[in-house]
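Some notes on the structure that comes next.
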Amino acid sequence: MVDYRTVKSVAVLEVNNPPVNALSYNVRQGLQDGIERANKDKEIKSIIIIGKGRTYPAGADISEFSKPHKGPNLIEVGLGIESSRKPVISAIHGTCLGGGLEIALFSHYRIALESAKVGFPEVALGLLPGAHGTQRLPRVAGMAFAMEIITSGRHVSAREALQHGILDKLVKGNLLSESLDFAASLPFSVPHNRRLRNVPAKGAENADRIFEVALNKVKQKQNGFIAPINCLKAVKAALLPYEEGAKIERELFMELLTSGQAKAQQYVFFAERAATRWYVSNEKNQKKCSAVPVKTTGVIGAGTMGSGIVVTLLRAGLPVILVEQDSQNLERGVNMIKGILQGSVNLKRMTSQQMNKCLQQLTPAQSLDSLHNVDLVIEAVFENLKLKEEIFGKLDEICKQQTILCSNTSTLDIDKIARATKRPDKVIGTHFFAPAFVMPLLENVYGTKTSGETIATVMNLGKTIRKIPVLVKTCHGFVANRMLARYQTEASFLLEEGCLPHEYDQVMEEFGFPMGAFKVGDLSGLDIGYRIRQELAKANGYTVTTDTRYIQGERFSSLADKLYELGRLGRKTGKGWYKYDRPGAKEAFVDPDVTDIILKHCKDAGIIRRKISTQEIVERSMYSSINEGFRCLEDGVASKPEDIDVIWLHGFGFPRYRGGPMYYASTIGLAEVYDRICYYHKTFPESSYWVPSDLLRKLATSGRNIPMSDWSTAATVNKSRL
Ligand SMILES: CC(C)(COP(=O)(O)OP(=O)(O)OC[C@H]1O[C@@H](n2cnc3c(N)ncnc32)[C@H](O)[C@@H]1OP(=O)(O)O)[C@@H](O)C(=O)NCCC(=O)NCCSC(=O)/C=C/CCCCCCCCCCCCC(=O)O
């Protein structure tokens, strides 16, 4: 895993552990052995550490964190490098991250290609750079920069790293030959100040203030995460003598390593990658099916969703024809797109030049005919099956044979939409989350006849437009909204039984959601839910009024509809579940009028309110959703629990340090979750979604701890095999 060779008087240690040269046990051993061997060889004057293939080591091997420790650890390897009598040069290309950057900082010199990136992303894994990274970075780059880099985990360009003293030299062309020239220019021994332990941390004079500012920032931006706080404490310890600082770093690292948060965040790292690997059948899967190129696109509908989707496509460099029949709506949509892009310029996320380039790629149009030659169309009109069927029928006539037809429906059956065309194999759902230009999730929804090629194309498109694509099977609400419906319904029942909106939201925000269900409701607009309920009623042949208490035997809360009918549509009208200073304002205030509405609603319905515990709020919100998640696995709508977790993390802001609802259930224990679901089923027999999922029952009562990787298989085998 580490190839040792000599080039004249230089020992070259080439790390060869594809795909990212992670510092697995064999790599660590190979580096340690290589340094020792080079130091013993009288012919060798200096040592180069370099990565084979696409990168310098991109960090420790994350999969080893959950396994028993083996071989020399990274600190032992690093100390061996630092104490080498012969100069060690790290020659960096690709992504030099985490433990990789630590190895580089133990080295005496760092030389890099201009395209290289460096960084400490450990914080995203619930960790800190525990092989003295927190002690060494402030010694080269200063306290302030070290705190920023280590708590954000951002990848720093080689040029910026050079400016901050992390790198000694940037080179172009052949990294190895440049490094050999560099090695030839060095003295034979290692100067005192090239061993970073001998250098004091920079910025010591302002350290307290820097620490306080950084601490406030992480409390605000990374609320609930423990790793960023430990990162800061560890960097601050770099002011102490080296060994003392390293000891503190070790204690803080071990605290994180054994915490539930780190385990959850490492699970998420692999879950996100697993979600992009899709499998429908032996014929339709990621390995067998290739994407077709998408060079031109069309979007139908210039409303909020359509405009957000257009921005996402334009930012990825794709030309878009935006179709909206009504000229005023089209103009409004184009202005919205310009406004969003200008916002990115104002935030320095793009230059004016880039914005203009995007806008040149946008063609507004009023007729579907203009889409005849595009490779892929995304329909983003109002959520109405008839309307969508009509549009898809027309698109089928207009578009070239190869065009893939996507619907941004959030609930409707893709098979029904596909039936309106003569190309059901080329019809698929691409469900974006609002705001579409911000939210990272893309829930791709295949129908019975969707081809593997079409699936591969939209999964690929997801990556191109920098979203996290997850594939699910069609059904009402798919995975995201099907599960969310349980969460929202329970929230509304909890209001009837004793909570107020701000009390509920506070509990779920403390659980880790960025906003509680009622603040989210105000943000999306109460008219959205109202329309969906009315459509659903129409489609199923019943009516819903503000007096409705039961629908087809199921408990129903009409509180949201009462607010809607009072014109309380949320932020946009300045009042909803909360009140706001003015329409569109962000800060929510408790509204005594809402309390009165809720109390009157309960009195009229004869509901006796009670005090509801935090535990009950969390359990009813999460366990009802988790039960539905198990049903999605059971039905094959979701193919693995990781997909469900990624959907919640990136679609609904589920706290990353809890891993996702399915992972969260595994940490509670399925037997416990199942027991509580049985209890709520007994308590609320008029909400049939509390009937425990068969799959959950099987897993929970099997008498053993079945790992998440086996849950999907368990959905298809009979109980006796568990
Ligand atoms: C940017 C990337 C590097 C590349 O991105 P991309 O090109 O898009 O590729 P991906 O799809 O992401 O990845 C390709 C595949 O590689 C797998 N992968 C990637 N990185 C790793 C990794 N670090 N480990 C394992 N596997 C990895 C990935 O899963 C893909 O696999 P597949 O194709 O899906 O199968 C991007 O990959 C990226 O960002 N990677 C992660 C970078 C990262 O986070 N690095 C930091 C890792 S953590 C670290 O380095 C920590 C160091 C501190 C160690 C402290 C040691 C202290 C020792 C003392 C304590 C010892 C304990 C003793 C016990 C006691 O004392 O009691």
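Every number for a ligand or one of its atoms is a count from 1 in the order of the listing.
A salt bridge does not link Arg277 with Glu642: none of the charged nitrogens is closer than 4.0 Å to a carboxylate oxygen.
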Identify every side-chain donor-acceptor pair in residues 110-127 under 3.5 Å, counting partners at least two apart or on other chains, and give the distances.
unit_1 : atom_1 : unit_2 : atom_2 : d
Arg110 : NE     : Ile166 : O      : 2.7
Arg110 : NH1    : Ala104 : O      : 2.9
Arg110 : NH1    : Ser107 : O      : 3.0
Glu114 : OE2    : Arg159 : NH2    : 3.0

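Checked against salt bridge (charged side-chain N to carboxylate O under 4.0 Å, His left out), Asp61 has no partners two or more places apart in sequence or in another chain. Here Glu64 pairs with Arg28 under the side chain to side chain donor-acceptor pair (under 3.5 Å) rule; sequence neighbours left out.
Relative to the ring axis of Tyr4, Arg37 places its NZ or CZ within 45° and under 6.0 Å from the centre.
For the pair Met147/Met143, a side-chain contact is recorded, criterion being any heavy-atom separation below 4.5 Å from C-beta on.
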Pairwise, report which nitrogen or oxygen atoms of ligand 1 are under 3.5 angstrom from protein nitrogen or oxygen atoms, and how far apart they are.
unit_1   : atom_1 : unit_2 : atom_2 : d
ligand 1 : 7 (O)  : Arg54  : NH2    : 2.5
ligand 1 : 9 (O)  : Arg54  : NH2    : 3.0
ligand 1 : 12 (O) : Arg273 : NE     : 2.7
ligand 1 : 12 (O) : Arg273 : NH2    : 3.1
ligand 1 : 23 (N) : Ala60  : O      : 2.8
ligand 1 : 24 (N) : Ala60  : O      : 3.4
ligand 1 : 24 (N) : Ile62  : N      : 2.9
ligand 1 : 34 (O) : Arg277 : NH1    : 2.7
ligand 1 : 45 (N) : Ala58  : O      : 2.9
ligand 1 : 50 (O) : Ala60  : N      : 2.7
ligand 1 : 50 (O) : Gly99  : N      : 2.8
ligand 1 : 66 (O) : Arg250 : NH2    : 2.7

